[in-house]
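Computed from a prediction, not measured in an experiment: that's the story for all the values here. Residues take their numbers from the sequence shown, with the count starting at 1.
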Amino acid sequence: MIQLLYSVIFAEMALILLLLFKTPLRKLIILTFDRIKRGRGPVVVKTIGATVFVVLMSSVYSLLSIQRRSEDGAVLNPTDQVLASKHLLEASLMGFVLFLSLMIDRLHHYIRELRLLRKTMETAKKQNRGFEDGKHTSGEEVKALGEEITALKAKIKKLESESESKGKELKSAQAETEALRKSADGFLMEYDRLLEDNQNLSNQLGSIGHSPEGKKIM
């Protein structure tokens, strides 16, 4: 029992040293503890811890019983003295085992929290860099958009001036068309008048040709 407790203590001390210093085995040990703390692992660990604690209390009780007998005036025989020493040593070793187990658990917890904190800080730094890069890029984009807007405004002014000139040309063309239409109407009226005069003249000539005097003349 005592040899087993010493072996457990030395093993726990070795684990604590491996957890304290950054070595290749540290990551493996942390992964192992992560797996142990999943599923039924915590229940098994708590059961072992409770068993050790019960045995510790039993050794303490036996030690207290031997001390009570010595306080009552009874002389302890060598066997009782050996048993008292044995119970004291076992209780001390089991208490030290439980204490080192608690230390290992807390070290694993703090190392995992530290790793998560470092990852969070790295993620925050990356996001901050991305934000700064995006801010710089957005500034350049805003500048490019401003230049594009200026170019578009100049183009709009040019198109407005061209539209005004085209409107003036369209108005002058409409005026010319209206004048040509009026001239065409005048020419058409003149043509109708001349056609009517020609018809009247033809009628007059025809009536003269059919008269008796016209025959005499011919």
Spacing of [X] atom [atom1] and [Y] atom [atom2] [to the nearest 0.5 Å]:
X	Y	atom1	atom2	value
L100	F10	CG	CZ	11.0 Å
L107	L17	CG	CG	10.0 Å
S58	L63	OG	CG	11.0 Å
Y110	D105	OH	CG	9.5 Å
K119	E122	NZ	CD	9.0 Å
T51	L56	OG1	CG	12.0 Å

Under 3.5 Å, is there a donor-acceptor pair between the side chain of S163 and the main chain of L159?
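Absent.
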Looking only at heavy atoms, what is the nearest atom pair of [X] and [Y], with distance?
X	Y	answer
L20	R26	O-NH1, 4.4 Å
M94	V52	SD-O, 3.8 Å
S59	H87	O-CB, 3.7 Å
I29	L18	CD1-CD1, 3.4 Å
V60	A91	CG2-CB, 4.0 Å

Would [X] and [Y] show up in the same hydrophobic cluster when neighbours are defined by side-chain heavy atoms closer than 4.5 Å?
X	Y	value
L98	L88	no
Y6	L15	yes
L102	I16	no
F21	L114	no
L4	L93	yes

Heavy-atom count check: over 12 atoms from other residues, nucleotides or ligands less than 6.0 Å from [X] [atom1]?
X	atom1	result
R106	CZ	yes
E113	CD	yes
E162	CD	yes
M13	CE	no

Heavy atoms, side chains only, cut-off 4.5 Å: are F33 and I111 in contact?
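Not in contact.
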Among all residues two or more places apart in sequence or in another chain, which pass the side-chain hydrogen bond (donor to acceptor under 3.5 Å, both in side chains) test with S62?
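With neighbours one apart ignored, the set is empty.
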side-chain hydrogen bond (donor to acceptor under 3.5 Å, both in side chains) with H108: which residues, sequence neighbours excluded?
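H108 satisfies side-chain hydrogen bond (donor to acceptor under 3.5 Å, both in side chains) with D34, K37 once adjacent residues are dropped.
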Side chain to side chain contact (heavy atoms under 4.5 Å, CB included) for L5 and F96? Distances and angles first, verdict last.
CA-CA 9 Å; L5 290 173; F96 198 49; over 6 Å; no
Side chain to side chain contact (heavy atoms under 4.5 Å, CB included) assessment of I30 paired with R112:
CA-CA 8 Å; I30 291 173; R112 187 174 59 183; 5.5 Å; no
